[in-house]
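To find a chain, count down the sequence lines: A is the first, B the second, and so on, and within it residues start at 1. Note that the coordinates shown come from a computational prediction; the quantities given were computed from them, not determined experimentally. Only this structure's heavy atoms are used, side chains among them; waters, hydrogens and symmetry mates stay out.
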Amino acid sequence: MKVRAMTAIAALLAAPLAAVAGPDSDELVVNGEINMVTQTEAPAHLDGALSELYSGWRFRSDETQALQMDDFDNPAMVFVDQAQEAWDTADGTEGKSCASCHGDAADSMAGVRAVYPKWNEAAGEVRTLEAQVNDCRENRMGAKAWKYDGGDMASMTALISVQSRGLPVNVAIDGPAQATWEMGKEIYYTRYGQLELSCANCHEDNYGNMIRADHLSQGHINGFPTYRLKNAKLNTSHARFKGCVRDTRAETFNPGSPEFVALELYVASRGNGLSVEGPSVRN
Amino acid sequence: AALISGAAWAGETAPGDVVYADGAVEASLTGTPGDAANGAMVVGSKKHGNCVACHQVGALADVPFQGEIGPALDGAGSRWSEAELRGLVANAKLTFEGSMMPSFYRIDGYIRPGDAYTGKAAKGALTPLLSAQEIEDVVAFLATLKDE
């Protein structure tokens, strides 16, 4: 028998996949008190590209999931403690610390992670959290910028993220941010590299499926920065983007580049409605 | 580029010279019969074709972690002729429009091609993901995957 029609292939595809595909049905409550939304209706601007949103947490093994359910088990929390020290320590020519201007992070940074990247009117650009932190360091503290995807920066964004845990991701994509969002969307659907794979090929068309040993999620960034068991450190979203693009045998973009800033805004917006989970734990 | 490929592909059909008819490739790319055992290695090995990243292959039950992106390849040798299989492996996009399956014997038309998996820009001309003989070997292996 010879088949060539796509419908025949689709029939072949359907049978073996149904059993394993998909997120699990576990619920994420952190420290027994923060109820995380790990599944919700997709935002209207996705135009039906995803029927339902799932946090990456729902695709991880029970063992990995457990590490994120209690801060005593979450290996990312030592970095939050380190960032709290940095927050209170003066640096740079102005002799100021983050606390000099922002006081207690628990108050001043509540809700901030949920709305970044965000349009900055004075700068006339979409700013990531990392870019804003470095702007404060360079222009308000007279301190050296941190490496965009380095340890100091990842730790500080973890401290800032913790203050928003459980709040829904809610980045704005209209008005002045729209052009950047459109650029990010275009990147998301571009098939880069010698393997010609787009973010959508893996995270939209195949979430729930195994690609070799990896269980594909929808590729959301509500859990960033993420502690990965694989490299035993905190990882920024741009470092993850870089790794994913590299795996298509492509020339990547750089962390902090306009392309990755646009991609971050777009990817964040795909997760509007999921809870801020950062710092999360992944394999 | 033509000069380089002339030298590099001596005795083989260069990626740009492969003749596709409706997605299929009638002529062997090398003239040397494929080695099915080596083809099985190429299909299963992460360092070579890594086809199992996306496909399950019952005949390679000893290879762990087989993916679920494409259909299982069991019975592919019954579903497709040798020429169709050659075309499918060399450039699946000519059989399945817009396929997620990479083109294993093509070297141009890519967006931001990299230098293998370094994340850096490719240096000079690309080499195809599989060599001409590896394509023949994989086709020989796939041809053995008959329906029971």
>> Distance alone, cut at 3.5 Å: any donor-acceptor contact between the side chains of B:Ser103 and B:Asn91?
In response: yes
>> Need one label for A:Leu197: side chain, backbone, both or neither, based on atoms under 4.5 Å from any heavy atom in chain B.
In response: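 Contact with chain B: side chain only.
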> For A:Thr190, is it the side chain, the backbone, both or neither that has a heavy atom under 4.5 Å from a heavy atom of chain B?
Replying inline: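 Side chain only.
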>> Under 4.0 Å between a side-chain nitrogen and a carboxylate oxygen: does that hold for A:Glu277 and A:Arg282?
In response: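 Here A:Glu277 pairs with A:Arg282 in a salt bridge, since their nearest N and O are under 4.0 Å apart.
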> Is A:Glu196 salt-bridged to B:Arg106, going by a charged N under 4.0 Å from an acidic O?
Replying inline: yes
>> Could you check whether A:Arg249 makes a cation-pi contact with B:Tyr117, meaning its NZ or CZ is under 6.0 Å from the centre of the six-membered ring and within 45° of the ring axis?
In response: yes
>> Any non-hydrogen side-chain atom of A:Leu129 less than 4.5 Å from a side-chain atom of A:Pro117?
In response: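 Not touching, per the 4.5 Å side-chain cut-off.
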> Hey, are the side chains of A:Met153 and A:Asn134 touching, using non-hydrogen atoms and a 4.5 Å cut-off?
Replying inline: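 Side chain of A:Met153 against side chain of A:Asn134, heavy atoms only: contact under 4.5 Å found.
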> B:Lys46 versus chain A, heavy atoms under 4.5 Å apart: side chain, backbone, both or neither?
Replying inline: both
>> Would A:Ser269 and A:Trp181 count as a side-chain contact (heavy atoms from CB on, under 4.5 Å) here? Give the steps.
In response: CA-CA 9 Å; A:Ser269 81; A:Trp181 184 81; 2.8 Å; yes
> Hey, which residues of residues 33-43 of chain B are touching chain A, say heavy atoms under 4.5 Å apart?
Replying inline: none
